Amino acid sequence: MTHHAIAIDGPAASGKSTMARALAERLGIVMVNSGAMYRAVTWKILSKKIDPNDAPAVIAALRKMDIVCGHDGTFSTITIDGTDPTPFLREAEINANVSAVSAIPEVREKLVGLQRDYLKNTHVVMEGRDIGSVVFPDTPFKIYIDADPSVRNVRRSDDGEIDSVEKRDAADSSRTTAPLKVADGATKIDTSNLSIEGAIQAAIETLCKQGFPMPEKKTPSLPQGETRGWMRWMYWLGWMSFGAAYRTLFGLRLEGMENLITSGPVLIASNHQSFLDPPLIGNLYKDEMVFFARKTLFKGAAKWVYPQWNAIPVDQDRPDMSSMKTVIRKLKEGWRVLVFPEGQRTLNGEIGVAAPGVGLIAAKSGVPIQPVRISGADQALPRGSGKVRLARITVTVGKPIILSPEELKSYTGKEGYEALTNRIMDAIKAL
Ligand code: DC
C-alpha cells in the first residue's frame, strides 16, 4: 500500500505544529514533528558537552547515537540511546543551538532517512522546514505556513518559551543544505490574521484542492461534531428555548467568539455558577455537544430528556473514573465536551478550587482545550434558589490551549495533571 505524506513547512512559531496536530487528529493519521528530531540530536550533543558548532565532533557523536523513531498512533516518538528526551526539547539552550546542529549535512542526511522511513508503515503529516522540498519532494500535498514575525514572537512568548524566532529563521533560511523555502507546488497559508480554526479550515480546503483522499466521516454512537449541521429535535428544542430565554431575559453577551473552535473534538473547561451554565455553553454552537449531569438528576422525565441532551451521568460524591473514561472516549470519537473543573457551582460567584480531573482528561485525550468564563449566571439563578432573576450574563471564550506533543508528555502523573489543571484554571481566571 502506498502511504500519503502531507508536508507542512514554515518558519518558527508560524503555527505548523498546531496545524499538523489538528490535521493528524481530523484525518486519523500520524503527525511527525521533524523539528523534534533535530532538537533531540541537539539535546544529546549538549548533554555530552560537545560544542554544537564543532561539526566534526557532532558528526562523530552522531555516528554513535542509537536514534529510534516511532509513533504512538497519533504522534511521533523518539529515543536516543534508550532515553526519551521529549520533556527537554523546548528548553532555551536547545532553541539557541538547534539551528547550528541542523545545518550540518550529515545530521540532515541521517534524520531525513529516518523521516522517510515513516512512510513504510503509515500515512503521515510531517512538519518542518524541508519536508516538501527535500524529504518528500514528490508528494502532491504540500502547505507552507507563514505569519508576521511580530505575531510569531508573541506566540512563542505566550508559550512561555525563550526563543529568538528571527535569528533562528535567518539561520534556517540561509544554510546551504536544505534551507527553509517554499517548496515547488506548495500552497502558502498566512496565519497572521487567522484564528486557529480558520487556519485549520484553510489547510483542509487546500488539501482537498490538492486531491488528498479525505477519510470517510466516522459514525460514532451519536453523530460527530464536525459532520452535524443539524440537531435531533429534543436537543434542538432545549437549545432554541434556552437560547431565546438567554437573549431576552439575560441580555446574553458573548465575548471572544473569534477564539471558538467549531469543528473537531474540543474539551470546554468553564467555571460553574448555576444550572443555567450547560445550555449557555451549548448555545455557543450550532450543533450538538456532550455534557455532564449529576447522577441524582436522572429521575422522572429528566431520565428520558437528559440523554437526549447528550448528558452523561456523573457521581459527584466520589471520584468517578468511569465518567472520566466516558469523556475521554467521547473526545476521541470527535465530540466536544463541556466539563466544570470545579465540580460544583460557586457559592459566592468566585472561581473555586478545581479537582485534577480536568488535567487528566485533557492530557489523556490530547484534544484542544477551550477555556470559557461565565459571569452573571450566579445572579440570574443563584445556587440554593429556585427563582430566576433578571441579570446580565456574559460568556467569554478564551484562546484555545493546544498542547504540543512535548507538553503532553510533560503532563503525566498526578503532579502533571495538577499542573495542567492549574494552567487551565489560570486561563479561565484571566478572562
Ligand atoms: O520546528 P522547530 O522549531 O521545532 O525546529 C527546530 C529547528 O530544527 C529549526 O530551527 C530548524 C531545524 N529543522 C530543520 O532544519 N529541518 C526540519 N525539517 C525541521 C526542523
Side-chain angles (χ1 to χ4, degrees), residues 5-21 31-46 52-53 55 58 62 67 69 75-76 78 85-119 124-137 139 142-147 149 152-153 155-157 159-183 186 191 402-409:
I6 300 176
I8 313 264
D9 290 302
S14 52
K16 295 182 303 274
S17 301
T18 304
M19 171 80 74
R21 257 180 68 89
M31 172 211 174
V32 180
N33 177 350
S34 68
M37 296 162 83
Y38 291 95
R39 286 171 181 273
V41 171
T42 308
W43 165 81
K44 187 72 189 181
I45 293 296
L46 293 173
N53 294 297
V58 172
L62 177 77
I67 307 174
C69 295
F75 301 121
S76 52
I78 186 165
T86 310
F88 315 109
L89 298 186
R90 314 298 307 187
E91 285 175 359
E93 214 192 350
I94 301 216
N95 283 341
N97 290 294
V98 64
S99 287
V101 172
S102 58
I104 301 172
E106 285 78 356
V107 172
R108 304 203 69 80
E109 194 187 332
K110 167 97 188 166
L111 297 187
V112 167
L114 293 168
Q115 289 154 14
R116 289 187 181 142
D117 282 350
Y118 272 100
L119 270 207
V124 292
V125 47
M126 190 174 289
E127 53 114 343
R129 305 292 187 289
D130 60 342
I131 310 304
S133 56
V134 174
V135 184
F136 300 122
T139 182
K142 297 183 189 179
I143 296 178
Y144 186 91
I145 308 275
D146 210 350
R152 293 192 281 120
N153 269 316
R155 286 182 188 161
R156 262 298 132 89
S157 54
D159 290 344
E161 264 188 59
I162 302 169
D163 190 3
S164 169
V165 163
E166 276 122 325
K167 213 165 139 195
R168 209 143 59 83
D169 288 348
D172 295 341
S173 313
S174 61
R175 67 180 176 222
T176 2
T177 315
L180 165 68
K181 63 170 184 187
V182 185
T191 62
I402 301 193
L403 301 171
S404 65
E406 292 90 12
E407 286 176 308
L408 274 176
K409 279 233 166 112

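Just so it is clear, the model here is predicted, and its values are computed rather than measured. Hydrogens, waters and symmetry mates are skipped; everything else that's a heavy atom, side chains included, is used. Order of listing sets the numbers, starting from 1, for every ligand and every atom in it. Numbers here simply count residues along the sequence, with the first being 1.
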Student: Rounded to the nearest 0.5 Å, what's the gap from CE on M31 to OG on S404? Could you check?
Tutor: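 Result: 8.0 Å between the selected atoms.
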Student: For the NZ atom of K16 and the CG atom of D9, what is their distance to the nearest 0.5 Å?
Tutor: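 Those atoms lie 8.0 Å apart.
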Student: Kindly check if the number of other-residue, nucleotide or ligand heavy atoms within 6.0 Å of NZ (K409) is above 12?
Tutor: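 Counting other residues, nucleotides and ligands, NZ of K409 exceeds 12 neighbours.
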Student: Measuring from each atom of ligand 1, which residues have a heavy atom under 4.0 Å away?
Tutor: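 Contacts of ligand 1 under 4.0 Å: K16, S34, G35, Y38, R39, R90, V98, S99, S102, R108, G128, R129, D130, I131, R168, D172, R175.
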Student: For L408, check side-chain contact (heavy atoms from CB on, under 4.5 Å) against everything at least two apart and list the hits.
Tutor: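 Checked L408 against side-chain contact (heavy atoms from CB on, under 4.5 Å); matches are R21, F75, L403.
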Student: Holding to side-chain contact (heavy atoms from CB on, under 4.5 Å), I want the full list of residues that pass it with T177, two or more places apart in sequence or in another chain.
Tutor: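 Testing T177 for side-chain contact (heavy atoms from CB on, under 4.5 Å), a comparison that skips the adjacent residues, returns P105, R108.
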Student: Residues in salt bridge (Lys or Arg N to Asp or Glu O under 4.0 Å) with R39, at least two apart?
Tutor: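 Applying salt bridge (Lys or Arg N to Asp or Glu O under 4.0 Å) to R39 gives none.
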